[in-house]
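Every value quoted in this text rests on a predicted model; they were computed, and no experiment measured them.
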Amino acid sequence: MAFEAQVLSWAGASGWRLERTGPLRRNIWPVPRLEFLREGILPPESWDLILGSCALFVSYEPGRREAVSSKGIPVKFYQVEKSAWGFAQIAHSGPADWVACCRDLPGWDVLPAETESAAFARIGLATIPPPERRPDILLGIKTE
């Protein structure tokens, strides 16, 4: 997607670590919006200034890290500290029912987990690629 590449280029020029997340990361298309995960936490007013002044976007939702391109493409930004990056990438890649199963596993949110592989290791799993994430593959793993 050309617009996705523009957003990633803009982020890189801003010195941001930004990665695709959401359904698009699971190779699902079309998606209701583009979703990205940003390393580091900015307050809502900073996001409003950044999104409001970025030429890629014609509008934004104040305080929500959401914007819309001139072609009507909605974009949502999530943010997380580096130490929790792996868990955030799992959580924001979904699907929601699969993430709910992961959150029930011992070790969820035990930091640091700066990569997805590290986060998977914390919950006792080998890394599972985003397109293969389904709740049924976790049923035999869940502990009470």
Side-chain angles (χ1 to χ4, degrees), residues 1-105 107-139 141-142:
M1 285 194 41
F3 182 66
E4 178 187 20
Q6 289 176 327
V7 172
L8 291 170
S9 177
W10 163 73
S14 300
W16 290 6
R17 176 182 179 193
L18 191 71
E19 288 186 12
R20 164 197 280 189
T21 197
L24 194 55
R25 188 160 183 260
R26 295 192 320 271
N27 297 326
I28 294 173
W29 184 258
V31 295
R33 65 183 179 196
L34 296 179
E35 297 179 5
F36 297 97
L37 182 62
R38 180 189 182 274
E39 182 182 299
I41 305 296
L42 295 173
E45 56 276 2
S46 293
W47 277 101
D48 292 350
L49 284 170
I50 291 164
L51 296 177
S53 64
C54 179
L56 294 175
F57 306 113
V58 294
S59 65
Y60 69 95
E61 290 289 325
R64 298 195 45 150
R65 299 183 316 275
E66 296 180 32
V68 177
S69 77
S70 61
K71 296 190 185 226
I73 301 169
V75 180
K76 171 72 177 182
F77 295 94
Y78 298 99
Q79 57 185 354
V80 66
E81 293 294 344
K82 183 177 183 177
S83 64
W85 181 270
F87 286 114
Q89 194 61 292
I90 291 170
H92 291 297
S93 290
D97 52 355
W98 185 84
V99 173
C101 290
C102 288
R103 287 181 187 272
D104 287 342
L105 294 172
W108 183 263
D109 276 343
V110 175
L111 301 178
E114 294 182 7
T115 65
E116 269 188 317
S117 296
F120 275 111
R122 293 275 189 210
I123 59 175
L125 298 176
T127 302
I128 300 169
E132 297 174 21
R133 296 176 183 176
R134 300 178 325 273
D136 61 298
I137 65 175
L138 296 177
L139 290 177
I141 298 169
K142 262 180 100 165

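Within the 3.5 Å criterion, the main-chain N or O of Ala5 finds no donor-acceptor partner in the side chain of Ser9. At distances below 3.5 Å, not a single donor-acceptor pair connects side-chain atoms of Arg103 with backbone N or O atoms of Trp108. Judged by distance alone, with hydrogens and angles left aside, the side-chain atoms of Lys82 form no donor-acceptor pair with the main-chain N or O of Pro112 at under 3.5 Å. Between the side chain of Arg25 and the main chain of Ser93, no donor-acceptor pair closer than 3.5 Å is present. Between the side chain of Arg33 and the backbone N or O of Glu35 there is no donor-acceptor pair closer than 3.5 Å. Of the possible polar contacts, none joining the Arg134 side chain to the Pro95 backbone as a donor-acceptor pair under 3.5 Å is found.
Applying the side chain to side chain contact (heavy atoms under 4.5 Å, CB included) rule to Ala11 yields the partners Trp16, Leu18; only residues at least two apart in sequence or on another chain are considered. Contacts of Val68 classified as side chain to side chain contact (heavy atoms under 4.5 Å, CB included), with partners at least two apart in sequence or in another chain: Ser59. Glu81 pairs by the side chain to side chain contact (heavy atoms under 4.5 Å, CB included) definition with Ile41, Ser83, not counting sequence neighbours.
The CG atom of Asn27 sits 10.5 Å away from the CD atom of Glu132 when rounded to the nearest 0.5 Å. The CZ atom of Phe77 lies 11.0 Å from the CG atom of Leu42; values are rounded to the nearest 0.5 Å. With rounding to the nearest 0.5 angstrom, the OG atom of Ser117 is 11.0 Å from the CD1 atom of Ile128. Atom-to-atom distance recorded for Thr21:OG1 and Arg26:CZ is 8.5 Å, nearest 0.5 angstrom. Atoms CH2 and CZ, on Trp10 and Phe3 in that order, are 9.0 Å from each other to the nearest 0.5 Å. Here the CD-CH2 distance, from Gln79 to Trp85, works out to 11.0 Å after rounding to the nearest 0.5 Å.
Of all non-hydrogen atoms in Phe87 and Ala113, the two that sit nearest each other are CE1-CB, 3.4 Å. For Val80 against Ala84, the heavy-atom pair with the smallest separation is CG2-CB, 3.6 Å. Minimum interatomic distance between Leu105 and Leu125 (heavy atoms only, all atoms of both residues): CD1-CD1, 4.0 Å. Residues Val110 and Arg122 approach most closely at O-NE, 3.1 Å, considering heavy atoms. Counting all heavy atoms, side chain and backbone alike, Ile123 lies closest to Gly107 at CG2-C, 3.8 Å. In plain terms, the two heavy atoms of Ala91 and Val99 that are nearest each other are O-CG2, 3.6 Å.
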Discussion item. I'd like to know whether Leu8 forms a side-chain contact (heavy atoms from CB on, under 4.5 Å) with Phe36, so could you lay out the CA-CA distance, the side-chain angles of the two residues, the decisive distance to 0.1 Å, and finally the verdict.
Written reply: CA-CA 9 Å; Leu8 291 170; Phe36 297 97; 3.8 Å; yes
Worksheet entry | Intermediate values then yes/no, side-chain contact (heavy atoms from CB on, under 4.5 Å), Arg38 and Trp47 | CA-CA 12 Å; Arg38 180 189 182 274; Trp47 277 101; 3.6 Å; yes
Fill in: CA sep, side-chain torsions, deciding dist, call: Leu56, Val75, side-chain contact (heavy atoms from CB on, under 4.5 Å)
CA-CA 11 Å; Leu56 294 175; Val75 180; over 6 Å; no
Item to complete: Test Leu24 against Glu4 for side-chain contact (heavy atoms from CB on, under 4.5 Å), laying out the working first.
Response: CA-CA 11 Å; Leu24 194 55; Glu4 178 187 20; 4.1 Å; yes
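Taking the charged nitrogens against the carboxylate oxygens, Glu114 and Arg17 have no contact shorter than 4.0 Å, which rules out a salt bridge.
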